[in-house]
> 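Mind looking over this structure? Questions follow.
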Amino acid sequence: MTEETFRKTFGTSPEVVVRAPGRVNLIGEHTDYNDGFVLPAAIDRAITYAGRRRNDRHVRVYSEDFNATAEFDLGNNQKDTQNTWSNYLRGVTKFLESDGYRLTGTDMAFGGNVPREAGLSSSAAVEVGATTFWNKLLGLGLDPVYVVKLARRAENEFVGVPCGIMDQFISALGRRDHALFLDCRDLSYRHLPMRCDVRIVVCDSGVKRALAQSEYEVRLKQCRAAVEKIAATGRPVKSLRDVQSADLEAARGALGDLLWRRAQHVVSENQRTMEAVKVLQAGDMERFGELMNESHESLRKDYEVSSVELDKLVELARAQKGILGARMTGAGFGGCTVNLVRAEATESFVQAVGKGYGEAGTLAAKIYVCQASDGALVSA
Ligand code: GLA
């Protein structure tokens, strides 16, 4: 499809086609920027880039989603205030050049089926896709973790969104039928097979994540403030990753209720994620589902990033036959829930949750039965 778009737009065939997937996080939420643990999977919804090099230093990029073209010279690549969708690509392009990679002018088209602003990391897919595109087009031989870091840097420093590293990591390094366990401190990771008798079902609440960015920054600062207070009690902690439940109790007075609850979420979520890895390896999907349910409660009550719509989707999901676990996924304040459902119950689950959600409010849920998929660097 994107290849065809490229042909139509530029009147020639693409030299390179790459794809980068969106993601869903199974467990380990709001832990990545606390040096903690995450367990996401790449999904079978992706952004595709198709393009070819030019003989100059000019870049023309066509967005299928926006039906618009952005153009810039590699030597004069500024943030675009009109075609803001192009900033993810401009960011990685700028940082590749400032890191010493000399790029060439290019014509390209991109688009795909990762829903935007739904919490499935379409922006990470756009960034990782663009980096992978340059890598392949020019044979740059980039190290995979460098690709991930560069993509995140584009989001943090160019687009200006202070996200953690999870989304870019999984978009680059996901593996088909596997989840990825990542230690966000040292970036060591392991792929863990998903059982073939359970399905990952994503329910999109249809609520765009309006508050997500401002509240995300608030949470980030609260986590840092909690670490400072705990460190001031004499514990050698650099981030919430280093904090144990006992440290939290000892610092309860110093933290006060709000910071205690924020920190409690992160500390307990790290513990749940590590347990989730163990039980996934043991094939104990019942316990895995319970951990997902506990994660949701913690995000709802202690971290306060859920929403009425997400809670409704979770409640409906938990009432269905064949459900193992249900929780909000991603930053929160709208976006999606992730559900683990026994394969044979998937169809009735999708129908019942869709119906129940429609009856409960004014929005329709979009429901995706997802397959864990290869990341951009795996399929490239
Ligand atoms: C967003 C961010 C990630 C991560 C999640 C919450 O998706 O981009 O880095 O922090 O929120 O787990």
> Applying side chain to side chain donor-acceptor pair (under 3.5 Å), name anything that partners Arg195, two or more places apart in sequence or on another chain.
Asp197

> Taking the side chain from Arg342 and the backbone from Leu324, do they hold a donor-acceptor pair closer than 3.5 Å?
no

> Please enumerate all residues that pass side chain to side chain donor-acceptor pair (under 3.5 Å) together with Arg272, with sequence neighbours excluded.
Ser268, Glu269, Ser298

> Relative to the ring of Phe158, is the ring of Phe95 parallel (under 30°), tilted (30 to 60°) or perpendicular (over 60°)?
perpendicular

> Among Asn34, Asp242, Asp32, whose side-chain hydrogen bond (donor to acceptor under 3.5 Å, both in side chains) with Arg185 holds?
Asp242

> Got a sec, which hydrophobics cluster with Leu180, joining ILVMFWY side chains under 4.5 Å apart, including via others?
Val38, Val145, Val148, Ile165, Met166, Phe169, Ile170, Leu173, Leu182, Leu187, Tyr189

> Is there side-chain contact between Val305 and Glu29, with heavy atoms separated by less than 4.5 Å?
no

> Relative to the ring of His178, is the ring of His191 parallel (under 30°), tilted (30 to 60°) or perpendicular (over 60°)?
perpendicular

> Starting from Leu258, walk the hydrophobic network (Ile, Leu, Val, Met, Phe, Trp, Tyr; side-chain heavy atoms closer than 4.5 Å) and list everyone else you reach, by chain and number.
none

> Has Arg199 got a side-chain atom pairing as donor or acceptor with Cys370's backbone, closer than 3.5 angstrom?
no

> Atom CD of Glu315 and atom CD of Gln320: how far apart are they, to the nearest 0.5 Å?
10.5 Å

> Between Glu127 and Gln168 (side chain of the first, backbone of the second, donor and acceptor by atom type, cut-off under 3.5 Å), is there such a pair?
no

> Does the salt bridge (Lys or Arg N to Asp or Glu O under 4.0 Å) test come out yes or no for Asp167 and Arg23, once each step is laid out?
CA-CA 7 Å; Asp167 305 344; Arg23 67 97 186 89; 2.8 Å; yes

> For Asp247, enumerate each residue passing the salt bridge (charged side-chain N to carboxylate O under 4.0 Å, His left out) test, keeping only those at least two apart in sequence or located in another chain.
Arg235

> Remaining members of Met1's ILVMFWY cluster at a side-chain heavy-atom cut-off under 4.5 Å?
none

